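Below is one structure; the comments refer to it alone.
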Amino acid sequence: MDFLAKLVLSVLITPLLYGLYLASQVLWPYVKSIPLRRRLAHLPGPPVTGWFILGNVPDLVRTPVHQCMAQWTERYGKIFKVELPNTTAVVLTDPEAVAQVLKVERFEKLTTSYQNMEKLTAEQQPNILTEPLSAYYKAVRRAVTPAFSTANLKRFFPRLLDITQRAMAGLEAAGPAAALDMDRLAQRLTIDVIGSFAFDRDFGATTDIAQPNEALQVVGELMTALQRMLNPLNRWFWWRKEARWLWASRRRYDALVRRALEDLRARPPAEHTLLHHLMHLTDPDTGKPLSARRLRCETALFWIAGFETTAHAIGWTLMFIAGSPEVEARISSELEGAGLLAAPGRPEPRQLSWGDLGGLKYLNAVIHESMRLMPPASGGTVRAVPRDTELAGYTVAKGAMLWIPFYAMQRSERVWGPDAAEFRPERWLSGGGGGTAGVAAGVGVGAAEEDDIVRAADAQAARGFLPFSEGPRSCVGQSLALLELRTALALLCGRFRFRLADDMGGVQGAVSEARQHITLKPGDRGLLMHAIPRMPP
Ligand code: HEM
């Protein structure tokens with residue numbers, strides 16, 4: 001056969017072989033999962049209405065995933081099954097059974113569910129979020145924990161005040177007439193917080209809030225890429241425009257991380273930074289400091305773990321405050337009582353101090369209630385069932401994928417009572433009704449008094465409130481996140497009144513646009529609000 005004939009043949013055969021490969025990628029996992037599906041057949045769950053191989057995916061595409069899971073939780077109960085192309089997922093929202101899985105029996109994370117995260121952030125390597133409970137994982141977790149200690153956060157607090165005040169100066173300059181996306185402003189804030197907390201560097205995202213910012217742009221695009229990666233077409237057909245964009249954004253993110261690390265090698269970060277702790281970690285697998293590759297993977301992960309999560313938590317909380325004059329009035333009077341409210345004709349309010357944070361009980365209850373209704377990690381966590389296990393009255397077969405969706409659990413009427421969908425911060429305060437008074441003890445604690453936070457988390461977990469998950473794989477950055485939330489909201493609410501832009505359709509409108517895209521984020525236009533200075537210039 002001459003060269004031309006071979007070329008023509010291979011041009012014809014290659015797509016055919018690739019087509020067969022793709023078919024096997026879909027069919028083989030389905031066939032392999034049939035015995036497990038049979039063992040889970042006794043569980044209730046939504047019927048499969050489309051092609052059998054797609055399972056319930058069409059429902060999850062038609063209705064935003066978080067809403068779909070919440071509706072199914074109400075309809076099918078605290079444990080039910082959802083058919084997926086490669087497996088049957090068992091969805092669990094019963095607080096007691098969830099505690100059994102996460103805290104008592106400590107089921108391992110299902111590592112396959114983090115594959116995309118590893119592909120896009122970690123050069124196919126596991127990192128602190130995706131690694132099973134190995135010696136390496138434990139060493140990383142142990143090494144970074146001191147960075148989130150009370151002592152370290154207290155040291156960081158003045159820097160956090162500076163960053164927040166810089167963002168507020170931008171708000172003031174924009175004026176009350178401008179409808180600004182407050183979620184985007186919060187993203188600028190969290191980029192600069194990570195820059196300072198992790199790298200000891202100023203990324204300048206809050207320097208001028210009207211200007212584009214590279215770190216903000218690149219990290220934001222990476223989050224979008226992670227979401228697009230869920231579409232298998234982008235994984236299989238790499239020549240598609242969207243797939244090419246996805247890999248380009250991954251390259252841009254990689255370059256950003258490399259540059260930040262090179263800079264740190266030239267000018268080592270201060271002792272209190274996250275990167276200092278990572279750079280001084282001995283890798284138990286090699287007995288040497290982390291390799292450049294592992295350092296990149298961990299850095300890349302921390303950057304995205306603390307970015308949108310915290311920003312959306314700030315954004316959603318501001319939305320609830322802006323949408324409710326009563327809530328806003330109670331926060332104002334609490335701040336006024338503490339001497340932290342700006343008002344015309346009065347002297348400048350005093351500077352917020354570390355000690356103030358624990359005393360702002362109502363504001364802290366507002367933050368809790370916002371994170372209950374709009375948890376940034378709405379999709380929750382995914383675990384592998386290691387042996388046949390009794391959960392919420394059903395036997396769940398070994399090998400099943402266990403999905404614990406926080407949004408659905410935290411809105412469940414079964415757990416929270418008939419007013420579950422209402423924004424009611426009082427439920428977190430003693431005497432606030434709703435049977436949550438036991439939780440109140442944990443709400444008003446100091447911003448980052450570690451023991452109190454752990455105690456509070458325990459009490460809340462018993463009620464099915466898990467925005468940071470629980471057990472050994474709970475969020476290592478939660479003390480920093482709570483500190484950011486409390487500081488930002490106390491300062492913002494002390495200086496401004498917030499009003500949702502008219503065309504947002506109120507809180508209902510903004511919430512209905514939310515999408516679970518890795519995190520629970522606002523719709524494309526963000527959270528448009530007017531920030532009205534309390535003290536006119
Ligand atoms: C409001 C803000 C935040 C929320 C709601 C949140 C939520 C969570 C949740 C639910 C998990 C468990 C994920 C899973 O099981 O797969 C988690 C893990 C993690 N978070 Fe956060 N997080 C926030 C902020 C942060 C911050 C600020 C950082 C650090 C800068 C951070 C770093 C991490 C890391 C490293 C893990 C993995 C921990 C491990 O597996 O040992 N998070 N987070």
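One-based numbering, in listed order, for ligands and for the atoms of each. None of these values were measured; they are calculated from a predicted model.
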### Query
Considering only protein heavy atoms, which is closest to atom 15 (O) of ligand 1, and at what distance to one decimal place?
T381 OG1, 2.7 Å

#### Entry: Under-4.0 Å salt bridge between E262 and R259
no

### Query
Does the cation-pi check pass for R258 over Y253, that is, NZ or CZ under 6.0 Å from the six-membered ring centre and within 45° of its axis?
no

Less than 3.5 Å apart, which donor and acceptor atoms pair up between the side chains of residues 267-278 and the rest of the protein, not counting sequence neighbours?
unit_1 : atom_1 : unit_2 : atom_2 : d
T273   : OG1    : A270   : O      : 2.6
T273   : OG1    : H276   : N      : 3.3

### Message
Out of all atoms in ligand 1, which are within 4.0 Å of some heavy atom of S474? Include the element for each.
### Response
38 (C)

### Query
Is D283 salt-bridged to K288, going by a charged N under 4.0 Å from an acidic O?
no

### Message
With a cutoff of 4.0 Å, is F307 in contact with ligand 1, counting heavy atoms of the residue only?
### Response
no

### Task
State whether the shortest distance between N or O atoms of K109 and N or O atoms of ligand 1 falls below 3.5 angstrom.
yes

### Task
For ligand 1, find out whether one of its N or O atoms is nearer than 3.5 Å to an N or O atom of I128.
yes

### Message
Parallel, tilted or perpendicular: which one describes the rings of W303 and F199, with boundaries at 30° and 60°?
### Response
tilted

### Query
Is any N or O atom of S469, backbone or side chain, closer than 3.5 Å to an N or O atom of ligand 1?
no

### Task
Do me a favour and list the nearest non-hydrogen protein atom to atom 4 (C) of ligand 1 with residue, atom name and distance?
F468 CE2, 3.4 Å

### Query
So, is Y137 polar-close to ligand 1, with some N/O to N/O distance under 3.5 Å?
yes

#### Entry: atom 27 (C) of ligand 1 [closest protein heavy-atom partner, distance rounded to 0.1 Å]
G306 CA, 3.5 Å

### Query
Where is the nearest protein heavy atom to atom 16 (O) of ligand 1: which residue, which atom, and how far?
Y114 OH, 2.5 Å

### Query
Mind checking whether T310 has an N or O less than 3.5 Å away from an N or O of ligand 1?
no

### Message
Please determine whether a side-chain nitrogen of the Lys or Arg among D263 and R201 lies less than 4.0 Å from a carboxylate oxygen of the Asp or Glu.
### Response
yes

### Task
Consider every N or O of E484 and every N or O of ligand 1, then say whether any pair is closer than 3.5 Å.
no

### Query
Can you find a side-chain donor-acceptor pair between S353 and D356 that sits under 3.5 Å?
yes

### Query
Is E105 paired with R387 through a side-chain N to carboxylate O contact shorter than 4.0 Å?
yes

### Message
Is it the case that the side chains of S370 and T317 hold a donor-acceptor pair, with the cut-off being a distance below 3.5 Å and no angle test?
### Response
yes

### Query
Strictly under 4.0 Å, does any heavy atom of F406 approach an atom of ligand 1?
yes

### Task
Around atom 32 (C) of ligand 1, find the nearest protein heavy atom and jot down its residue, atom name and distance.
A305 CB, 3.5 Å

### Query
Is any side-chain N of the basic residue among E422 and R427 closer than 4.0 Å to the acidic one's carboxylate O?
no

### Message
Does this structure show an ion pair linking D202 with R166, if we count only N-O contacts that are shorter than 4.0 Å?
### Response
yes

### Message
Using a 4.0 Å cut-off to any heavy atom of R141, which atoms of ligand 1 qualify?
### Response
38 (C), 39 (C), 41 (O)

### Heavy-atom nearest neighbour in the protein, as seen from atom 37 (C) of ligand 1, with distance rounded to 0.1 Å
L129 CD1, 3.6 Å

### Task
Return the residue, atom name and 0.1 Å-rounded distance of the protein heavy atom closest to atom 40 (O) of ligand 1.
R473 NE, 2.9 Å

### Message
Using a strict threshold of under 4.0 Å (side-chain N to carboxylate O), is an ion pair present between K521 and E308?
### Response
yes

#### Entry: Non-hydrogen atom of R383 closer than 4.0 Å to ligand 1
yes

### Task
Say whether Q478 and ligand 1 are in contact under the criterion: heavy-atom distance to a ligand atom below 4.0 Å.
no

### Summary
ligand 1 atoms nearer than 4.0 angstrom to some heavy atom of A377 are 10 (C)

### Message
Measuring from atom OG1 of T93 to atom CZ of R414, what distance do you get when rounded to the nearest 0.5 angstrom?
### Response
7.0 Å

## Note on the structure
Ranked by distance from atom 24 (C) of ligand 1, the top protein heavy atom is T309 OG1, 3.5 Å

### Query
Which one of C475, P467, A311 has a non-hydrogen atom at the shortest distance from atom 10 (C) of ligand 1?
P467

### Message
Does the residue A198 have a heavy-atom contact with ligand 1, meaning some pair of atoms that are separated by less than 4.0 Å?
### Response
no

